[in-house]
Peer 1: 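I'd like to ask you about the structure that follows.
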2 protein chains.
Amino acid sequence: MNRKATAQSVVLSALREDIVSGVLGPGDQLVQETLAERYGVSRVPLREALKMLESEGQVINHPNRGYFVAELSVDDLREVYYLRSLLEDAALRQAIPTLDDADIEDIAALCDEIDDAALAEDVVLMAAANRRFHFAIYDAAGMPRLSRLLRQLWDATDAFRALYYQRSPNRERVSAEHAQMMVALRARDSDAVVQLHDDHRAHSVAAVEDMLMRHHNRVTENDSTFRTPARSSLQENP
Amino acid sequence: MNRKATAQSVVLSALREDIVSGVLGPGDQLVQETLAERYGVSRVPLREALKMLESEGQVINHPNRGYFVAELSVDDLREVYYLRSLLEDAALRQAIPTLDDADIEDIAALCDEIDDAALAEDVVLMAAANRRFHFAIYDAAGMPRLSRLLRQLWDATDAFRALYYQRSPNRERVSAEHAQMMVALRARDSDAVVQLHDDHRAHSVAAVEDMLMRHHNRVTENDSTFRTPARSSLQENP
DNA sequence: TTCGTAATTATTGGATACAATCCTGCGGTG
DNA sequence: CACCGCAGGATTGTATCCAATAATTACGAA
């Protein structure tokens, strides 16, 4: 008997879902009344969910003006991937020696799930499976805070990952690279896994960067009417 | 003319302050009504501030039971410092080559502030100055997300840093180590700075670990009456 | 027109009121 | 005496209402 989840957490999941799936695109304003109605709750739990997304950097709040889905600059993107490389390498090297055969097979199963989703061309499912696959390895490092930081970094680019998976060449490359990683993983060859993983990430960042450009062009060409007031006042301390 | 800050942000700062200064100790329950009254606001903005602290890991929420100041296990502590070592080394190596003479003198000034606070035996001020000093360097790396992650990691142990500075030998060692770092920094010797910084951190983790033990003893000896319900049900997914 | 300025409206921020949940302690029962 | 079950009170979660702020429009003078 599952005890009832709070509205905040339901809304939080829903918001995350809508951001990764692109329903809420980067730069969009999040009007509280509208969203509250859509999710069938009042504004209070919605705002609490937004606060969590804000402190994760998924969403930006301009006091008295509202919440906006965070935009990613190219610099931001590169920074995120750089930080990921630092932390993911550490996670892999910590995790791999601890994996037993059963663990590896579990991971392999997750890998298959990705391929299935890729074949079915279900982008959202593929993104989710991909995440489970990678985090199954990271989490095995047994460092919960590390996992948490990595989740934040992944979240930051989720909005674009959905677009990324929409192109079939990307999907195919991802599957191939995962297969290679599984080979190295079965051999417990940490160096090889880290190397492949770095390459995998490098391909990813290149593709997402491309997506980012397209997005920026899109928003500046079409509706130049009304946009998020450029990320300027990030700090304002005494 | 500063435009009026929102209640949430005021409360957020106040909560942070009360956590670092030890007014709210690890494991304490945060009763909403009580805190709201103390800060002179209603529960709504208070809860929003708590949500932010929650997603930073400063505070833990048990649905329908309340918010508690996060406890740190020794494993947590070690993990935090390990992650700091990864990220801070990267920040330093990125930052140091970019610093010009004026930057260095600014940092030196911050270093002096710490010493002043140490002499005055003002623990809270010292902790604050120490933070400014270190983050002046990290921030110079020009990677806002990196700075943000580091802030989170520092926050996680803030509750104990206050205790740490209360012992005068700790204060003196900190000052001495900072002086050494400044010498290496003036010489633009990145390797030396990183090395000294690592040592500095190692001393700190040892001392904070000691504080942590004392804290755990204190809470288990004295009031074993009513404590945070041991971090157990962290996940409970369908 | 164009600029500045005042009313209007939409949206957010905060406070209060109500509902749901959980802890506590009491009394009954085996 | 241990063990349930069940009020009663305390605390959290949510909805509704009101106040404050900012965007927008309308208007008038240079």
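Below, chain A is the first sequence line, B the second, and so on; all start at residue 1.
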Peer 1: Is it the case that the side chain of A:E17 and the backbone of A:V23 share a donor-acceptor pair, with hydrogens and angles ignored and the cut-off at 3.5 Å?
Peer 2: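 No, the answer is negative, given that no donor and acceptor are paired below the 3.5 Å cut-off.
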Peer 1: Across the strands shown, which category fits A:L50 at heavy-atom distances under 4.0 angstrom: base, sugar-phosphate, nothing?
Peer 2: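 No contact.
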Peer 1: Describe the nucleic acid contact of A:Q8 in one word from base, sugar-phosphate, nothing, applying a heavy-atom distance below 4.0 Å.
Peer 2: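 A:Q8: backbone/sugar contact only, no base atoms under 4.0 Å.
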Peer 1: Between A:Y138 and A:W154, what is the ring plane arrangement, given parallel below 30°, perpendicular above 60°, and tilted in between?
Peer 2: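 A:Y138 and A:W154: perpendicular rings.
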Peer 1: Check every strand shown and say whether B:L46 touches a base, only sugar-phosphate, or nothing at a heavy-atom separation below 4.0 Å.
Peer 2: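 Nothing, no heavy atom under 4.0 Å.
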Peer 1: For A:Y81, does the six-membered ring have the charged nitrogen or CZ of A:R201 within the cation-pi criterion, i.e. under 6.0 angstrom from the centroid and within 45° of the normal?
Peer 2: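 Checked: cation-pi criterion not met.
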Peer 1: For B:V44 and A:G66, take the nucleotide of DNA chain C holding the closest heavy atom to each; which residue's nucleotide lies nearer the 5' end?
Peer 2: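 Nearer the 5' end of the strand: A:G66.
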Peer 1: Answer yes when A:E48 and A:K51 have at least one side-chain N-carboxylate O distance shorter than 4.0 Å, and no when they do not.
Peer 2: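 Salt bridge flag = no for A:K51 with A:E48.
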Peer 1: Can you tell me the distance, in whole Å, between the CG atom of B:L12 and the P atom of C:dG14?
Peer 2: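 Atom-to-atom, B:L12 to C:dG14, this comes out as 12 Å.
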Peer 1: So, does B:Q32 get its side chain near the phosphate of D:dG13, meaning an N or O under 4.0 Å from OP1 or OP2?
Peer 2: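 For D:dG13, OP1 or OP2 has a side-chain N or O of B:Q32 closer than 4.0 Å.
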Peer 1: In whole angstrom, what separates A:R43's CZ from D:dA15's C1'?
Peer 2: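 It works out to 11 Å between those atoms.
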Peer 1: Rounded to the Å, how far apart are B:N64 CG and D:dT14 C1'?
Peer 2: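 For the pair B:N64 CG and D:dT14 C1', the rounded distance is 11 Å.
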Peer 1: How many whole angstroms separate atom CD of A:E48 from atom P of C:dT12?
Peer 2: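 To the nearest whole Å, that distance equals 16 Å.
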Peer 1: Tell me: CZ of B:R65 to C1' of D:dT11, nearest whole Å?
Peer 2: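 Answer to the nearest Å: 11 Å.
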Peer 1: For DNA chain D, what residues of residues 33-42 of chain A have any heavy atom nearer than 4.0 Å?
Peer 2: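 Hits under 4.0 Å, by residue number: A:V41, A:S42.
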Peer 1: A:E105: what forms a side-chain hydrogen bond (donor to acceptor under 3.5 Å, both in side chains) with it, not counting sequence neighbours?
Peer 2: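 Checked A:E105 against side-chain hydrogen bond (donor to acceptor under 3.5 Å, both in side chains); matches are A:R186.
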Peer 1: Base of C:dG14, side chain of A:R47 - is there a donor-acceptor contact under 3.5 Å?
Peer 2: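 Indeed there is one.
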Peer 1: Below the 4.0 Å mark, does C:dG13 have OP1 or OP2 next to a side-chain nitrogen or oxygen of A:N61?
Peer 2: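 Yes, such a contact exists.
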Peer 1: May I have the distance from B:F68 (atom CZ) to C:dC22 (atom C1'), rounded to whole angstrom?
Peer 2: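 Answer to the nearest Å: 11 Å.
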Peer 1: Quick one: does any side-chain atom of B:E56 pair with a main-chain N or O of B:D155 as donor and acceptor, under 3.5 Å?
Peer 2: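 Answer holds: no.
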Peer 1: Look at the side chain of B:S13 and the backbone N and O of B:S9, then say whether any donor-acceptor pair between them is shorter than 3.5 Å.
Peer 2: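 Yes, the answer is positive, given that a donor and an acceptor are paired below the 3.5 Å cut-off.
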Peer 1: State which of C:dG14, D:dT14, C:dC22 makes the closest approach to the side chain of A:A7.
Peer 2: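 Minimum distance to the A:A7 side chain belongs to D:dT14.
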Peer 1: How many whole angstroms separate atom CD of B:Q29 from atom P of D:dT11?
Peer 2: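 Going from B:Q29 (CD) to D:dT11 (P), I get 8 Å.
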Peer 1: Between A:H62 (NE2) and D:dA22 (P), how many Å, whole number?
Peer 2: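 Taking atom P of D:dA22 as the reference, NE2 of A:H62 is at 13 Å.
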